[in-house]
Amino acid sequence: MAILVTGGAGYIGSHTLLYLKEKKEDVIVLDSLQTGHRDAVIHGTFYEGHLSDRGLLDKIFTSHKVSSVIHFAADSLVGESVKNPLKYYENNVLATYQLVNKMVEHGVKKLVFSSTAATYGEPTSIPITEELPTLPTNPYGETKLAIEKMLKWADQAYGLKSISLRYFNAAGADPEGRIGEDHNPESHLIPIVLQAALGQREHVSIFGDDYPTDDGTCVRDYIHVLDLAQAHYLALQRLEKKEESGIYNLGNGNGFSVKQVIETCRAVTGVEIKAISSPRRTGDPAVLIASSERARSELGWSPVYPQLDQIVQHAWYWHKHNPTGYNR
Ligand code: UFG
């Protein structure tokens with residue numbers, strides 16, 4: 001039996017493929033390559049295509065024995081989602097509807113879904129538990145939340161069991177440097193700071209230094225991408241054993257400010273990275289720190305790389321050896 005991984009050419013998807021390869025799982029990968037990279041797909045049978053292609057989904061489900069799906073394929077830029085919300089409704093909500101519809105049609109009843117901390121919006125308390133209100137402040141979070149709700153009803157009506165994983169800030173890379181993070185344009189803090197360390201940027205802009213935090217900059221919970229991968233695997237195992245849907249936060253439970261991240265990058269790279277205070281970025285909550293107690297106790301999840309300096313070291317190894325990403 002095979003696992004279908006949508007969006008397997010993306011950052012978190014490709015690291016999950018690596019993890020599944022080590023577990024000797026049979027994998028089918030579907031990715032449109034609109035933002036993903038073919039070279040990042042280091043395991044599985046690859047199909048290039050979009051979830052809107054119903055014929056392709058039929059072909060995959062009829063020619064392979066698919067037991068479960070891990071669904072990463074999505075648009076995931078908060079800023080872009082505010083400017084172009086319909087793109088997010090189409091590529092996230094509508095595309096997932098097509099996938100779920102085909103899963104129901106072909107009798108595939110297990111799904112692990114890539115959700116986000118953005119479903120919470122501005123949290124009412126810290127650390128964030130899964131019970132907190134979900135009030136997204138942008139269409140990206142809104143579309144991911146809409147999908148979580150669609151999945152809840154799909155369970156009730158069709159018995160499709162799903163686990164939604166709400167990631168906090170994914171970071172790091174394969175410690176051996178085979179794959180890593182490569183977004184174009186890059187918007188995430190750690191790769192941007194490392195690009196500055198490589199001389200590809202003149203400086204890093206600190207988006208706001210007047211937040212109600214210790215040093216005035218935003219605090220986030222950085223989680224190693226391979227620890228996220230581990231959680232997807234454990235979620236699939238739980239669906240096999242328990243046949244029970246659920247929602248889980250994934251973070252280390254430690255908050256680091258933007259300034260602390262830049263300091264860590266300076267220490268790891270040995271480069272005096274220039275940082276400049278800039279205006280706040282619209283929609284950034286001051287503090288996002290996860291409680292992942294539920295994932296630990298119910299999935300048996302235990303992060304292997306919880307230290308920020310190790311996360312940055314792995315990211316640095318990738319960026320240093322692949323300064324132009326997959327465009328080698
Ligand atoms: N930041 C800077 N300068 C930069 C880039 C980022 O100061 O050049 C700051 C941001 O303002 C933020 C922090 O660094 O305070 C982290 O920013 P990222 O863009 O790396 O990550 P976000 O916390 O904005 O985004 C993450 C996920 C999203 C998810 C969001 C939920 O990447 O998918 O959390 O709020 F939607």
Side-chain angles (χ1 to χ4, degrees), residues 7 10-13 35 72-82 85 88 91-92 113-123 126-128 132 134-148 164-172 181 183 185-197 200-225 228 249-252 254-265 273-290 308 311-312 315:
Y11 172 46
I12 305 171
T35 53
F72 294 101
D75 283 335
S76 61
L77 296 172
V78 171
E80 183 191 54
S81 79
V82 177
Y88 280 69
N91 289 341
N92 295 357
F113 171 59
S114 174
S115 191
T116 170
T119 50
Y120 295 106
E122 188 74 53
I126 298 287
I128 299 171
L132 284 198
T134 42
L135 297 163
T137 50
N138 55 63
Y140 168 64
E142 199 79 72
T143 56
K144 291 282 181 173
L145 185 61
I147 294 167
E148 286 188 7
S164 295
L165 300 174
R166 292 179 177 164
Y167 320 146
F168 283 63
N169 288 61
E181 187 167 11
H183 296 115
E186 188 51 75
S187 66
H188 296 102
L189 180 63
I190 291 176
I192 282 178
V193 180
L194 296 179
Q195 285 173 353
Q200 296 174 346
R201 291 173 190 262
E202 200 257 322
H203 68 270
V204 179
S205 300
I206 297 175
F207 295 148
D209 59 5
D210 56 351
Y211 284 95
T213 59
D214 286 349
D215 65 18
T217 65
C218 287
V219 170
R220 294 289 181 272
D221 186 339
Y222 294 88
I223 176 81
H224 198 290
V225 64
L228 292 181
N249 286 342
L250 297 176
N252 279 312
N254 300 319
F256 291 93
S257 71
V258 173
K259 284 186 177 169
Q260 286 174 319
V261 170
I262 296 170
E263 268 317 314
T264 305
C265 291
I273 301 156
K274 191 171 163 192
I276 293 178
S277 288
S278 309
R280 287 184 178 197
R281 192 171 66 176
T282 317
D284 272 341
V287 180
L288 292 175
I289 300 173
L308 182 64
I311 293 173
V312 171

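We count ligands from 1, going down the list as the structure has it; atoms in each ligand are counted the same way. The residues of the chain are indexed from 1 along the displayed sequence.
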Tabulate below the donor-acceptor pairs under 3.5 Å that side-chain atoms of residues 206-213 make, not counting sequence neighbours, or state none.
{"from": "Asp209", "atom 1": "OD2", "to": "Ser277", "atom 2": "OG", "distance (Å)": "2.8"}
{"from": "Asp210", "atom 1": "OD1", "to": "Arg280", "atom 2": "NE", "distance (Å)": "3.0"}
{"from": "Thr213", "atom 1": "OG1", "to": "Gly216", "atom 2": "N", "distance (Å)": "3.1"}
{"from": "Thr213", "atom 1": "OG1", "to": "Thr217", "atom 2": "N", "distance (Å)": "3.1"}
{"from": "Thr213", "atom 1": "OG1", "to": "Thr217", "atom 2": "O", "distance (Å)": "2.7"}

Describe, in one word, how the ring planes of Tyr11 and His183 are oriented to each other, choosing from parallel (under 30°), tilted (30 to 60°) and perpendicular (over 60°). perpendicular
When you compare the side chains of Glu148 and Ser164, does any donor N or O come within less than 3.5 Å of an acceptor on the partner? no
Can any side-chain N or O of Asp221 pair as donor or acceptor with the backbone N or O of Ala290 at less than 3.5 Å? yes
Within-4.5 Å side-chain heavy-atom neighbours: Glu263 and Asp215: no
Side chain to side chain donor-acceptor pair (under 3.5 Å) between Tyr88 and Glu80, worked out: CA-CA 9 Å; Tyr88 280 69; Glu80 183 191 54; 2.4 Å; yes
Near ligand 1, which residues have a heavy atom under 4.0 Å away from one of its atoms? Val78, Thr116, Ala118, Tyr140, Asn169, Ser187, His188, Leu189, Ile192, Ser205, Ile206, Phe207, Cys218, Arg220, Tyr222, Val258, Arg281, Asp284, Leu288
